[in-house]
Amino acid sequence: MRHKILIIDDEVDFAQMLKLNLEERGEYEVVIEDKAINGLAKALEYQPELIFLDVIMPDMEGPDVLNQIRCHAQTKDTPVIFLTATVKREEVEAEGGHIGGHPFLAKPASIEELLQCIEKTILKFKPLGLS
Amino acid sequence: MDEVTKLNFGEPIRVLLVEDNPVDLKVLERMLLESSLYPPEMVKTTTSFKETIKLLKKEKVDVIVLDLNLPDCQGLETLIQLNQQYPSMAIVVNTGAYEDDVGLKTLGLGAQDFIIKGKYQAYGLNKAIQYAKERKKFELELLNAYKNLQETQSQLIQAEKMNTVGRLASGIAHEVKNPLATILFGIGFLHEKLKDPDENIALTLKSIKDSAQRANDIITDLLDFSSLSKLNTRLEDVNTIIEKSLELTHHPLDKNVIKVVKELMPALPKLEIDCNRIEQVFVNLILNAIHAMPKGGILKIRSYGVSNNQAHKAKNRNSDLRKEIEAVCIEIEDTGVGIAEDKLPHIFEPFYTTRRAQGGVGLGLSVAKNIIDMHKGQIEIKNRTQGGVCARVVLKIGIKGG
């Protein structure tokens, strides 16, 4: 079965490219939500295994969306990776891939970096043998 | 200026009379001594330009009363020469009566006053000398204040420039990184799809990817420049950072056929520094050295301890000396083209680059300087007398930047 991934990002072009790249691998099924405010609803409806979340969006900030996701019983354990242009690769690397306890990826990240991060995050949340 | 200078008429004054005519000299000497309320503390005399320069080398003189026509130097040239060699000296020109028009000219050439032979008396002479001394003092102070003002102004402009760049950079970075990420992902996808693209398509994809990557590097530089707000310091070994910086730059070093010579002092004391930032500085300096040696050369990288301004060069490996080390000095030398002297004062300014045509943005060294400043260290770049450039970074031990 393909892993379900949700991208919450107002940059539709970027999200579209990310979706294409991931789906090209054959292991992922990707849905895009470009309105932060609908982020939680989409997560509840689609039930992804992983969410990519932008930080700066016009209608609602990424951390607030995360807060909503964490507060809902159905999504509270869904892994979320912040994917943002507001941080630099070096900053993320210096912190071991996490900022404030959350996994971060700096835009532009290479597709390899993304895949690695996805694998690591999904595996962490679903130990081998359970998936 | 820390305090306002006060007029100090009547202070002891040291006068030099430059006059080759013995009669005129006698008159001057008599006038100086006979009628002044405050006779000069010292009166010396010379009769030629050469003798004057010789005397000024050993005697402290406040005011020179200068005859323009000396055996070895004549006319305005006498004043010009003297003023050039002793620009802070107060000079009163003592002209012949037939040289009325010359007198005025001397004021524009650095003289404080002019007096005309035979037309002044003791009172006038003494007044001219006193005023000349005071005026020169004020002139020098004014010049100094003006210089300070100019320096402060350029620092303020610089600070404002940085501030503006900082504010712009983070805004622009976010806006530009998104489309760049889209382009890079788009290319990645096309690469994946076109398993076996023809040569032109492959070339096009590569050009787009490289350009997007370059744009991203520029934006990252800008962000670096604007976000140097905090350091992540830890006790680190400088030599390890140097080795890592060399590793990171080994491709361009190899490409330009550059030989690396390392003189790293072993077991240097650890420094409280941000290793990523310091590595960034070293990489920047190494890249500059590489750019200066397109046809190959030698890159020498050296580290050693410094105590009381005394460098313990690498050969000094005595452990007692090591305890006294107060700072660590890192030098990166190249055998390249060097930097034009007129460009040297500007190299740390943001957006100043000598490599604009090659895509240089001019942020590398200003970022480096910012980083070193934040570590409360020093960075300087000089041309070497043997050719090439020496970049020197000094980081103090036990000082935590921030």
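Chain identifiers are assigned alphabetically (A, B, ...) following the order of the sequence lines, protein sequences preceding nucleic acid strands; residue numbering begins at 1 within each chain.
Evaluation of the salt bridge (Lys or Arg N to Asp or Glu O under 4.0 Å) rule for A:Asp9 yields A:Lys107 as partners, not counting sequence neighbours.
Contacts between residues 191-198 of chain B and chain A, counted as heavy-atom pairs separated by less than 4.5 Å, involve B:Glu192, B:Lys193.
The side-chain heavy atoms of A:Asp13 and B:Pro179, taken from C-beta on, include no pair separated by under 4.5 Å.
Taking all atoms of both residues into account, the shortest heavy-atom contact from A:Met17 to B:Gly186 is SD-CA, 3.2 Å. For B:Phe185 against A:Asn21, the heavy-atom pair with the smallest separation is O-ND2, 2.8 Å.
Atom CD of A:Glu11 is separated from atom NZ of B:Lys177 by 13.5 Å, given to the nearest 0.5 angstrom. B:Leu184 CG to A:Phe14 CZ: the interatomic distance, rounded to the nearest 0.5 Å, is 10.0 Å. Interatomic distance, B:Phe189 CZ to A:Lys19 NZ, rounded to the nearest 0.5 Å: 11.0 Å.
For the options A:Ile56, A:Leu20, A:Val55, heavy-atom pairs under 4.5 Å to chain B are most numerous at A:Leu20. Put simply, of A:Leu18, A:Ile111, A:Asp54, A:Thr84, the one with the most heavy-atom pairs under 4.5 Å next to chain B is A:Leu18. Between chain A and the residues B:Ile219, B:Ile183, B:Thr182, the most heavy-atom pairs under 4.5 angstrom are made by B:Thr182.
Within 6.0 Å of atom NZ in A:Lys4, more than 12 heavy atoms from other residues, nucleotides or ligands are found, so the atom counts as buried in its surroundings.
Contacts of A:Leu114 with chain B are made by side-chain atoms alone, with heavy-atom separations under 4.5 Å and no backbone atom involved.
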